[in-house]
Amino acid sequence: MSWGTGLWDGEKHLASYTENTLQEMTAQMNFLKKVSEIQTSFSKDLRSLIKAQKTLSPETTGNTAWNSILSETDDIAKQHDLIGEAIQTNVVNRMKQTHKKIKAEREAVFKKVKECQKEVDKISQKHESLQKTSHKADKDEMDVQTKLDNAESKNDMQKIKKLTHDKDETARKAREARDDMIAMAYKLEQGLQKFYDADIRDLFDRLQSLEEERLQNVASVFKEYGTILEQRIPVYQQCVAGIITTSDNINTAQDTKAVLDKFHTGTSIDAFIEAQCKGRKVVSVQQVHDRRVNKTKIFKTTARKKLAIREDFGHLPPHQRKRAIEEKLEGLRKEKEKMEKEMAGITKTMELYTAQPELGSASALSKLKTESESGKKKLQDLERDIMKFDLYLSAIDESMGDTLNVVRAPPVRKSISRAPPPPPGQTGTAKPSNSPVAGRRTIRPGVPDTERSAITLPPPRPVSEQQAEQVQAAEEFDDEFDEFDDFDHLPATALYDFAGQEESELALKAGEALTVLEDDGSGWFRVVNSDGEEGFAPASYIQLT
């Protein structure tokens with residue numbers, strides 16, 4: 001049974017019900033619109049929060065995990081943005097269109113009901129008017145008949161004749177009034193039959209169709225709302241899995257060792273205590289570095305300094321350069337992996353929107369295509385950078401294998417049986433050096449700590465006041481490139497010829513230009529000459545310049 005058949009007399013109830021359903025639909029639209037706004041606002045706030053965070057250097061697994069959390073959270077923020085846009089486009093806007101259409105057609109239906117009701121009311125009013133006319137005509141006829149009876153009883157022939165004529169006239173009018181009333185009653189019956197059996201039935205059936213259309217639209221958009229949220233679940237799961245995986249990859253031992261490698265000075269406790277007991281100040285490489293880093297910079301970084309910072313880290317010593325290139329490659333590969341995950345998510349969403357256009361607007365698809373093109377370009381750039389730094393790493397490995405490990409391999413002496421010789425013309429044993437670089441210990445790649453700790457050197461030699469001032473000035477001098485220096489390599493000149501007796505000792509020629517690499521206060525300098533030959537030489541044979 002339809003509304004038109006079963007609710008032919010329920011106009012007021014249907015008017016109230018359909019009005020309430022439209023109000024409910026309006027409230028539902030407002031709710032979903034607010035959800036869309038909250039999703040978009042949350043995405044914006046979350047991205048602002050992520051942007052305010054500092055990306056850490058990927059030198060430890062803990063820093064890498066933090067950077068991954070920021071990246072995955074940013075992906076989650078993007079999903080909330082997509083949810084907000086999809087709800088507005090595919091849910092709220094569709095509900096608005098349906099609501100507008102149903103409201104307009106409902107108003108048209110009830111307007112037509114009123115028009116049909118007016119036609120029936122007109123017929124009813126005419127029927128009532130004819131009914132009154134008929135009753136009056138019947139009364140007039142009865143009055144004339146009463147007067148006629150009175151005249152006949154008095155045998156008044158003149159009145160009888162006149163009243164007889166009047167009686168015939170009133171009888172004719174009464175008949176005509178009754179006929180008109182009967183005809184109008186029939187017309188009224190036909191009008192009411194048409195109004196309820198045809199007009200009202202069709203109009204109320206139309207109302208029922210509109211209500212069914214409204215419910216179908218509500219069911220569709222509610223399902224779309226659930227589908228939008230469901231589509232983001234795989235991406236959410238992928239982001240959460242990424243956070244959990246990178247958290248599981250935190251290696252406490254590796255991170256603490258990285259701190260040790262970064263800040264290890266190489267100064268032994270025994271050497272430090274010995275220096276303190278002798279009243280000699282020991283300045284470690286780390287202390288020199290900290291002093292330089294924490295020092296207030298009066299001038300900005302110059303253009304010459306910027307040029308010295310090369311892309312391939314050529315401004316760094318070989319082993320530091322290799323480490324820097326390896327860290328750079330690790331960062332590039334992780335960034336590439338992250339970008340590939342983002343591209344996979346974008347591609348999957350584009351395929352879904354292409355296969356089911358109703359799930360995504362044209363603007364959303366266009367935005368995804370733009371992000372895809374940008375991501376592809378960034379992936380190409382990352383691949384080029386990875387290839388470039390792989391070449392840098394191969395070159396430094398070859399260089400270190402051919403040069404550092406062969407030509408410039410640091411000398412190792414397991415034992416020293418003699419003290420450094422005195423300068424020509426002097427006798428006795430050289431005293432420990434007062435050089436400001438004395439006591440420093442350079443970590444030499446390829447030399448085990450056990451071998452380095454086994455090296456025993458003779459006591460250091462004294463230096464002149466001029467030498468001490470020169471070395472002190474060299475230590476305190478902080479040139480434009482101080483942040484790239486791990487150790488002060490001091491220029492020097494050989495004062496005398498020195499032949500050398502052991503394999504680790506470097507032969508000197510008087511006047512030869514040298515570079516002091518290390519002075520541990522034993523009376524021996526570790527030096528390198530202009531030909532790249534490296535070894536130990538007596539400190540008393542060398543003049544710092």
Side-chain angles (χ1 to χ4, degrees), residues 1-37 86-132 180-228 356-362:
M1 184 180 294
S2 67
W3 284 10
T5 303
L7 300 176
W8 59 271
D9 57 347
E11 178 186 352
K12 291 183 179 181
H13 297 297
L14 288 179
S16 175
Y17 173 79
T18 53
E19 178 67 22
N20 290 337
T21 57
L22 289 176
Q23 291 177 358
E24 290 173 359
M25 193 173 186
T26 301
Q28 293 163 358
M29 283 191 300
N30 292 337
F31 170 80
L32 293 171
K33 182 180 179 182
K34 191 64 177 178
V35 170
S36 172
E37 293 173 353
I87 291 175
Q88 181 63 39
T89 303
N90 300 333
V91 176
V92 176
N93 290 348
R94 285 175 56 190
M95 288 188 75
K96 280 184 178 180
Q97 294 174 358
T98 303
H99 182 275
K100 183 179 180 180
K101 174 187 175 184
I102 292 176
K103 182 179 180 181
E105 293 196 19
R106 174 187 175 279
E107 291 176 353
V109 166
F110 283 103
K111 183 179 179 181
K112 185 66 176 176
V113 169
K114 289 181 179 180
E115 292 176 355
C116 294
Q117 185 67 52
K118 285 182 179 180
E119 293 294 330
V120 173
D121 291 343
K122 287 180 180 180
I123 298 174
S124 178
Q125 290 173 0
K126 288 183 179 179
H127 177 265
E128 290 179 358
S129 176
L130 291 175
Q131 193 175 30
K132 291 179 180 180
D180 292 341
M181 182 188 68
I182 292 171
M184 188 55 64
Y186 178 76
K187 187 176 181 181
L188 176 61
E189 181 182 356
Q190 293 296 318
L192 290 173
Q193 193 74 29
K194 177 179 179 298
F195 177 69
Y196 289 112
D197 282 349
D199 298 337
I200 288 295
R201 182 188 60 196
D202 294 342
L203 292 172
F204 285 3
D205 284 347
R206 177 56 184 157
L207 275 182
Q208 184 178 2
S209 298
L210 292 175
E211 177 62 10
E212 291 172 352
E213 182 179 352
R214 185 191 71 83
L215 291 172
Q216 289 173 356
N217 175 261
V218 167
S220 175
V221 296
F222 284 1
K223 184 177 181 180
E224 175 66 16
Y225 174 65
T227 303
I228 290 171
Q356 303 181 36
E358 68 276 6
L359 298 181
S361 63

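FYI, side chains are in, hydrogens and waters are out, and symmetry mates aren't considered; it's all heavy atoms of this structure. Start at 1 with the first residue, then count along the sequence.
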Test item: Thr18 side-chain N/O and Ala15 main-chain N/O as donor-acceptor pair under 3.5 Å: yes

Approximate separation, where rounding is to 0.5 Å, of Met25 CE and Lys96 NZ: 12.0 Å

Atom of Phe110, atom of Leu14 and distance for their closest heavy-atom approach: CZ-C, 4.0 Å

Side chain to side chain donor-acceptor pair (under 3.5 Å) partners for His127, two or more places apart: none

Pairwise distance NZ(Lys34) to CD1(Ile87) - rounded to 0.5 angstrom: 13.5 Å

Over all atoms of both residues, closest heavy-atom pair of Lys33 and Val92: N-CG2, 3.7 Å

Phe222 atom CZ: more than 12 heavy-atom contacts under 6.0 Å: yes

Can you give the donor-acceptor pairs under 3.5 Å from side chains of residues 210-221 to other protein atoms, not counting sequence neighbours?
| from | atom 1 | to | atom 2 | distance (Å) |
| --- | --- | --- | --- | --- |
| Glu211 | OE1 | Arg214 | NE | 3.1 |
| Glu211 | OE2 | Tyr17 | OH | 3.1 |
| Glu211 | OE2 | Arg214 | NE | 3.4 |
| Glu211 | OE2 | Arg214 | NH2 | 2.8 |
| Glu213 | OE2 | Lys101 | NZ | 2.8 |
| Asn217 | ND2 | Thr98 | OG1 | 2.7 |
| Ser220 | OG | Arg94 | NH2 | 2.6 |

Leu207 versus Arg106, closest heavy-atom pair with distance: CD2-CG, 4.1 Å

Distance, nearest 0.5 Å, that separates CD of Glu11 from CG of Asp9: 10.5 Å

Distance-only donor-acceptor hits, side chain of residues 117-124, under 3.5 Å, sequence neighbours excluded:
| from | atom 1 | to | atom 2 | distance (Å) |
| --- | --- | --- | --- | --- |
| Gln117 | NE2 | Asp121 | OD1 | 3.1 |

Expected list for residues 1-8: side-chain donor-acceptor pairs under 3.5 angstrom, two or more places apart:
| from | atom 1 | to | atom 2 | distance (Å) |
| --- | --- | --- | --- | --- |
| Ser2 | OG | Thr5 | N | 3.4 |
| Ser2 | OG | Thr5 | OG1 | 3.4 |
| Ser2 | OG | Asp205 | OD1 | 2.8 |

Smallest separation among heavy atoms of Leu32 and Met95, with atom names: CD1-SD, 3.7 Å

Qualifying side-chain hydrogen bond (donor to acceptor under 3.5 Å, both in side chains) pairs with a residue from residues 182-197, counting only residues at least two apart or across chains: Tyr186-Gln190, Gln193-Asp197, Lys194-Asp199

Minimum heavy-atom distance Thr26-His99, with the two atoms named: OG1-NE2, 3.0 Å

Sidechain-backbone polar pair: Thr227 side chain, Lys223 backbone, donor-acceptor under 3.5 Å: yes

Contacts of type side chain to side chain donor-acceptor pair (under 3.5 Å), residue Thr21, not counting sequence neighbours: none

Closest contact, heavy atoms only, Val113 versus Phe195: O-CE1, 4.0 Å

